[in-house]
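Here the structure comes first, spelled out in structure tokens, and everything after it is commentary.
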2 protein chains.
Amino acid sequence: MNRTAPREDRRQLLLEEAARLFDAHGYDRTSVRQLADAVGLQSGSLFHHFDSKESILLAVLEHTIELMIERLAAAAAAPGDSRQRLEALIRAELELLHGATRHGVAVAFFQWRSLSTQSQQQILKLRERYETIWLEALELAHRDGLIVTDPFLTRRLLTGAHGWTIYWYRPDGSLDLDRLAEEVGRLLTRQ
Amino acid sequence: MNRTAPREDRRQLLLEEAARLFDAHGYDRTSVRQLADAVGLQSGSLFHHFDSKESILLAVLEHTIELMIERLAAAAAAPGDSRQRLEALIRAELELLHGATRHGVAVAFFQWRSLSTQSQQQILKLRERYETIWLEALELAHRDGLIVTDPFLTRRLLTGAHGWTIYWYRPDGSLDLDRLAEEVGRLLTRQ
DNA sequence: GTCTATATTTGGATAGAC
DNA sequence: GTCTATCCAAATATAGAC
């Protein structure tokens, strides 16, 4: 059975706890001692697994964005016309932002500035694969007359609108995620 | 002549430089030594003007949000129908984000999490006055059938879309600010 | 009101035993 | 692979002279 090896378990656990802490307090205000505590290690022991604190953030981001690409690609691959595809992507991104993956995704949206310039470039390259999926769907929607603003511009505005939901949207409130996705879709496409 | 006193000049200069540095590097990665350097002081001398590093961030935010309220209120007070008012507010917010006020406004959007919980509450109260102006305009637009999504939801999505422009929009590029504002307006209102 | 000097804490990271 | 112990740098903030 495809059971993860203990070695990978430990690393995976650390990445999850790191995502949670970086999301809750910000990368800069999270100490390596807090990270170590969260996985039941002494701070020095962390450096057996990672070269530096920054490399932990980098690993969180890489892992998270790979996952984002996977989920978004799956949503884009579902059958349907351009409207249905666009709705699927909106729904997928909101699920990434508010489902089980939320901590890592929040970090991906709002903590990348704590990386060195070099690491930022590296992450940007990864992120481009994610954005390409979006752009293809938006260009299709544009050709079909579903959206009238430029796809590139539309995506950038949408990125901000979606990312910001982290700061106000609670899926257990009166507006459920399906409904939010629907409203975003209405706003984006012909009303 | 209403000339600012030297005492106020110094404080004002520090707030401007602090906004610039906090915007460029983030509050947490800006040291008091850098702040002091930027205004030609030794680090210890800063504490004659401010109680703590956090109180500098708080002062930047208070000053900036007061200014945001002022500008937004002015835009809202201009004559015109609900569509024109909405367009004026969009334009005003984008000017705040990309004009001379941009550093402070960027800090207001993305650095508030570095404040203590108490200070965050304080800033939130101030910010509510800003948001009230938006909500009134959006409710008007909603009554006139200009927008169909809930005004409150619309504002939250718009906040994110606008704030995120910090990370990609450059007013000296091919898309000027008037044009961007126009596109945002198109997206928001009936297309 | 600014300086110099420094107290004090905390942070990331390393060394070497086990 | 983890622990203990600790190094070292950097940070915020303070004290007291000028």
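Between B:Ser45 and C:dC3 there is a side-chain N or O to OP1 or OP2 distance below 4.0 Å. When the side-chain nitrogen and oxygen atoms of A:His48 are compared with OP1 and OP2 of D:dG1, one or more of them lie within a distance under 4.0 Å. Look at B:His49 and you'll find a side-chain N or O under 4.0 angstrom from OP1 or OP2 of C:dT2. For the OP1/OP2 pair of C:dT4 and a distance below 4.0 Å, the side-chain nitrogens and oxygens of B:Gln42 include at least one atom meeting the criterion.
Summarising the local packing, CZ of B:Phe152 is surrounded by 12 or fewer heavy atoms from other residues, nucleotides or ligands at distances under 6.0 Å. Counting heavy-atom neighbours within 6.0 Å of B:Arg113 CZ, excluding the residue itself, gives a total above 12. More than 12 heavy atoms of other residues, nucleotides or ligands lie within 6.0 Å of CZ in B:Arg29, so this atom counts as buried by the packing criterion.
The aromatic rings of A:Tyr167 and A:Phe110 sit tilted, their planes meeting at an angle between 30° and 60°.
Atom P of nucleotide D:dA5 and atom CG of A:Leu46 are separated by 18 Å, given to the nearest angstrom. The distance from atom CD1 of A:Ile56 to atom P of C:dG12 is 9 Å, rounded to the nearest whole Å. The distance between atom CG of A:Asp37 and atom C1' of D:dT2, rounded to the nearest whole Å, is 14 Å. One atom, CG of A:Leu35, and another, P of C:dG12, lie 8 Å apart when rounded to the nearest Å.
Taken to the nearest 0.5 Å, the CZ atom of B:Arg186 stands 9.5 Å off from the CG atom of A:Leu153.
Clustering ILVMFWY residues whenever any of their side-chain heavy atoms sit less than 4.5 angstrom apart, transitively, puts B:Ile65 in a cluster other than the one holding B:Leu124.
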Provide a list of protein-nucleic acid N or O atom pairs under 3.5 angstrom, restricted to nucleotides 10-12 of chain D.
| residue | atom | partner | partner atom | Å |
| --- | --- | --- | --- | --- |
| D:dT12 | OP1 | B:Lys53 | NZ | 3.0 |
| D:dT12 | OP2 | B:Val32 | N | 2.9 |
| D:dT12 | O4 | B:Arg33 | NH2 | 3.3 |

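Near DNA chain D, meaning a heavy atom under 4.0 Å from it, residues 14-25 of chain A has no residue at all.
When side chains are defined from C-beta on, B:Gln42 counts as touching B:Ser45, because their heavy atoms get closer than 4.5 Å.
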